[in-house]
Amino acid sequence: GLDARPFRRLPSGKTSVAAPGATPFPFTVCSGAPTDLSVTDIYVTPNPPAKGGNIGLQLIGTVDEQLTEGSNFVINVLYLGTQIFTETVPLENAGAVFPVGPGSMQLNYSVLLPSIAPSGAYTIQLTFNDQTATEITCISLSFNL
């Protein structure tokens with residue numbers, strides 16, 4: 001059967017790689033976004049997401065260029081379509097060791113969902129930029145709390 005716990009917690013609190021048999025989380029590529037970074041799978045822990053802790057995101061993909069220092073992603077959290085949180089994250093803060101690519105890449109990042117977060121529809125949008133501040137892709141995940 002499928003493991004209901006696709007991640008195991010490491011003592012450091014970092015999210016480890018998804019366990020074998022874990023189910024990838026559905027996502028969409030933003031309309032009109034480039035695909036220089038092609039995301040193949042995203043794993044979310046816990047799945048489904050829950051309030052009162054961190055949501056861990058593990059992204060697996062392939063990039064068609066070399067990424068170096070200065071590459072980042074912008075995370076936007078929307079509630080009922082309204083942005084409630086934004087943060088720019090250097091790729092090295094998500095586990096990247098430069099240079100990255102061309103080829104496979106993996107990123108790990110977590111976002112706090114406070115217990116006081118309102119219930120309803122959420123969207124997490126991730127926009128990835130290379131070291132020249134050129135967008136290389138944008139993806140979106142949606143879930144309800």
Side-chain angles (χ1 to χ4, degrees), residues 2-7 9 13-145:
L2 288 178
D3 187 341
R5 294 166 293 109
F7 296 82
R9 287 311 233 167
K14 296 280 189 198
T15 304
S16 73
V17 296
T23 304
F25 199 84
F27 68 93
T28 56
V29 175
C30 307
S31 178
T35 53
D36 302 280
L37 168 56
S38 173
V39 177
T40 48
D41 285 308
I42 291 183
Y43 295 92
V44 173
T45 181
N47 187 3
K51 299 180 195 179
N54 284 329
I55 291 185
L57 301 173
Q58 179 188 41
L59 178 145
I60 298 166
T62 306
V63 63
D64 68 7
E65 63 177 282
Q66 186 174 85
L67 302 177
T68 57
E69 195 171 338
S71 307
N72 64 37
F73 62 92
V74 179
I75 181 163
N76 286 305
V77 179
L78 297 93
Y79 170 67
L80 301 178
T82 301
Q83 183 175 299
I84 57 170
F85 175 79
T86 185
E87 182 179 17
T88 299
V89 181
L91 285 193
E92 60 268 29
N93 290 6
V97 178
F98 296 124
V100 173
S104 61
M105 66 182 286
Q106 178 179 313
L107 299 172
N108 291 286
Y109 187 67
S110 62
V111 173
L112 176 65
L113 267 186
S115 49
I116 59 167
S119 297
Y122 284 79
T123 301
I124 296 179
Q125 189 175 71
L126 301 169
T127 304
F128 294 84
N129 303 294
D130 69 12
Q131 58 274 12
T132 68
T134 301
E135 182 180 334
I136 54 175
T137 202
C138 168
I139 58 169
S140 179
L141 311 145
S142 296
F143 55 91
N144 284 289
L145 286 179

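The structure places CD of Glu87 at 8.5 Å from CG of Asn93, a figure rounded to the nearest 0.5 Å. Asp130 contributes atom CG, which lies 4.5 Å from atom CD of Glu65 (distance to the nearest 0.5 angstrom). A distance of 10.0 Å separates CG of Leu78 from CG of Leu80, quoted to the nearest 0.5 Å. For the atom pair CD (Gln106) and CG (Asp41), the distance works out to 10.5 Å, reported to the nearest 0.5 Å. Going from atom OG of Ser38 over to atom CD1 of Ile60 covers 12.0 Å, rounded to the nearest 0.5 Å. Separating the OG1 atom in Thr23 from the OH atom in Tyr43 is a distance of 8.0 Å, to the nearest 0.5 Å.
Counting only heavy atoms from C-beta outward, the side chains of Tyr109 and Ile75 approach each other to under 4.5 Å. Residues Leu57 and Leu141 are in side-chain contact: their nearest non-hydrogen atoms beyond the backbone lie under 4.5 Å apart. At a threshold of 4.5 Å between non-hydrogen side-chain atoms, the residues Leu91 and Met105 count as touching. For the pair Asp36/Thr134, no side-chain contact is recorded, criterion being any heavy-atom separation below 4.5 Å from C-beta on. Two residues are said to be in side-chain contact when any heavy atoms from C-beta on lie closer than 4.5 Å; Gln66 and Pro102 meet this criterion. By the 4.5 Å heavy-atom criterion applied to side chains, Pro49 and Leu145 are counted as neighbours. Side chains of Phe128 and Leu107 form a contact here, defined as non-hydrogen atoms less than 4.5 Å apart.
With a 6.0 Å radius and a threshold of 12 heavy atoms from other residues, nucleotides or ligands, Gln83 has its CD atom above the threshold. The environment of Ile116 atom CD1 is sparse: at most 12 non-hydrogen atoms of other residues, nucleotides or ligands sit within 6.0 angstrom.
Taking the six-membered ring for Trp and thresholds of 30 and 60 degrees, Phe25 and Phe143 have ring planes more than 60 degrees apart, a perpendicular arrangement.
Here the shortest heavy-atom pairing between Ala50 and Leu113 reads O-CD1, 3.7 Å. In terms of heavy atoms, Phe98 sits closest to Glu92 at CE1-OE1, 3.0 Å. Across all non-hydrogen atoms, the minimal contact from Leu112 to Gly53 is CD1-O, 3.6 Å. Of all heavy-atom pairs spanning Ser140 and Thr123, the tightest one is OG-CG2, 3.1 Å. The two residues Ile139 and Cys30 come nearest to each other via the heavy atoms N-SG, 3.5 Å. Considering all non-hydrogen atoms of both residues, Cys138 and Gln125 come closest at SG-CG, 3.7 Å.
Between the Asn54 side chain and the Gly56 main chain, no donor and acceptor come within less than 3.5 Å of each other. Listed for the Gln131 side chain is a donor-acceptor partner under 3.5 Å among the backbone atoms of Thr68. In this structure a side-chain-to-backbone donor-acceptor pair under 3.5 Å is missing from Ser110 to Ile55. Side chain of Tyr79 to backbone of Ser119: a donor-acceptor contact under 3.5 angstrom is found.
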